[in-house]
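Working notes for the structure below.
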Amino acid sequence: EVQLVESGGGLVQAGGSLRLSCAVSGFTFSDYGIAWFRQAPGKEREGVACISSDDGSTYYIDSVKGRFTISSDNAKKTFYLQINSLKPEDTAVYYCAVVIGWVLGTRETLEYKYDYWGQGTQVTVSS
């Protein structure tokens with residue numbers, strides 16, 4: 001059974017940083033994409049970043065470019081989202097998700113139907 005477990009969320013002041021982790025177990029696929037999504041209260045879930053396992057290409061939505069960095073440690077089956085210069089509007093529950101298959105780090109990859117999801121980790125940014 002594939003499981004994704006996020007950690008690293010918390011309460012931080014605006015301008016601070018967090019590193020979210022996503023530990024994946026029961027996973028044997030060689031081609032996949034990892035993405036981070038977030039859902040703020042009263043808003044729809046949005047994809048913020050993704051990375052390809054095949055070529056390491058990444059994609060970020062405009063509102064997080066230059067502040068968020070997605071990375072992976074494939075040997076440890078752990079994926080990360082480094083979040084810098086946090087803003088109050090970054091407050092949300094953050095989820096990692098996996099889509100099986102050969103994908104690239106593109107906007108379209110964030111729109112795929114993802115196969116596995118974590119339970120989420122809360123990020124709260126105070127002003």
Side-chain angles (χ1 to χ4, degrees):
E1 179 185 4
V2 176
Q3 288 189 322
L4 283 67
V5 179
E6 300 99 334
S7 60
L11 172 63
V12 296
Q13 289 188 327
S17 298
L18 285 173
R19 188 175 82 156
L20 307 184
S21 299
C22 174
V24 182
S25 60
F27 195 80
T28 59
F29 303 99
S30 58
D31 299 312
Y32 54 90
I34 295 287
W36 286 91
F37 293 79
R38 67 184 180 186
Q39 187 164 22
K43 294 189 177 181
E44 291 189 356
R45 186 176 62 200
E46 67 171 347
V48 298
C50 61
I51 186 168
S52 164
S53 71
D54 294 288
D55 68 355
S57 55
T58 59
Y59 174 82
Y60 302 90
I61 59 173
D62 287 345
S63 60
V64 308
K65 277 181 185 175
R67 299 189 299 120
F68 288 21
T69 303
I70 188 171
S71 62
S72 65
D73 184 333
N74 292 327
K76 293 182 179 180
K77 287 289 191 289
T78 301
F79 307 92
Y80 305 97
L81 186 69
Q82 177 69 39
I83 310 176
N84 298 327
S85 302
L86 277 158
K87 303 176 181 180
E89 52 263 42
D90 295 320
T91 295
V93 178
Y94 284 72
Y95 302 89
C96 62
V98 175
V99 60
I100 306 304
W102 192 87
V103 298
L104 296 174
T106 64
R107 179 179 60 82
E108 288 74 22
T109 296
L110 284 178
E111 298 170 357
Y112 291 159
K113 183 178 183 296
Y114 278 67
D115 298 288
Y116 302 101
W117 291 82
Q119 83 289 349
T121 186
Q122 176 71 47
V123 172
T124 303
V125 185
S126 63
S127 57

Does [Y] offer a backbone N or O that forms a donor-acceptor pair with the side chain of [X] under 3.5 Å?
X    : Y   : result
T121 : Y94 : no
D73  : K76 : yes
Q39  : E44 : no
S57  : D55 : no

Residues in salt bridge (charged side-chain N to carboxylate O under 4.0 Å, His left out) with E46, at least two apart?
->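 Partners of E46 under the salt bridge (charged side-chain N to carboxylate O under 4.0 Å, His left out) test: R38.
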
Qualifying residues under salt bridge (charged side-chain N to carboxylate O under 4.0 Å, His left out), relative to R67, sequence neighbours excluded = D90

Partner set under side chain to side chain contact (heavy atoms under 4.5 Å, CB included) for [X], not counting sequence neighbours:
X    : answer
V93  : Y95, Q122
A40  : K43, A92
I100 : F27, F29, Y32, V98, D115, Y116

List for me each residue that meets ring-ring contact (aromatic ring centres under 6.0 Å, His included) alongside W117, sequence neighbours excluded, and say none if there are none.
-> F37

For the atom pair [atom1] ([X]) and [atom2] ([Y]), what is the distance rounded to the nearest 0.5 Å?
X   : Y    : atom1 : atom2 : answer
K87 : S63  : NZ    : OG    : 8.0 Å
L81 : I51  : CG    : CD1   : 10.5 Å
L86 : S127 : CG    : OG    : 13.0 Å

With R45 via side chain to side chain donor-acceptor pair (under 3.5 Å) - residues at least two apart = none

Can you tell if the side chain of [X] reaches within under 4.5 Å of the side chain of [Y], non-hydrogen atoms only?
X    : Y    : answer
F79  : V24  : yes
Y112 : V103 : yes
V5   : Q119 : yes
I61  : L110 : yes

CA sep, side-chain torsions, deciding dist, call: L20, I83, side chain to side chain contact (heavy atoms under 4.5 Å, CB included) = CA-CA 8 Å; L20 307 184; I83 310 176; 3.8 Å; yes

What salt bridge (Lys or Arg N to Asp or Glu O under 4.0 Å) pairs are there with at least one residue in residues 56-66, not counting sequence neighbours?
->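 For residues 56-66, and leaving out neighbouring residues, the salt bridge (Lys or Arg N to Asp or Glu O under 4.0 Å) pairs sorted by first residue read D62-K65.
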
Among residues two or more places apart or on two chains, list those pairs meeting ring-ring contact (aromatic ring centres under 6.0 Å, His included) that have a residue in residues 52-73.
->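 Listed by first then second residue: nothing to list.
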
Which heavy-atom pair separates L104 from S52 by the least distance, and what is that distance?
->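 Looking at all heavy atoms of both residues, the shortest contact is CA-CB, 3.8 Å.
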
Disulfide bond (SG atoms under 2.5 Å apart) contacts touching residues 53-83 (sequence neighbours left out) | none

Tell me, which pairs form a disulfide bond (SG atoms under 2.5 Å apart) where one or both residues lie in residues 31-127, sequence neighbours left out?
-> C22-C96

Any pair with a residue in residues 7-27 that passes side-chain hydrogen bond (donor to acceptor under 3.5 Å, both in side chains), sequence neighbours left out, goes on the list, sorted by first then second residue, please.
->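 For residues 7-27: S17-N84.
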
Following the transitive rule for hydrophobic clusters with a side-chain heavy-atom cut-off under 4.5 Å over Ile, Leu, Val, Met, Phe, Trp and Tyr, establish whether V123 and L4 coincide in one cluster.
-> yes

Common cluster, Y80/V48, ILVMFWY with side-chain heavy-atom separation under 4.5 Å = no

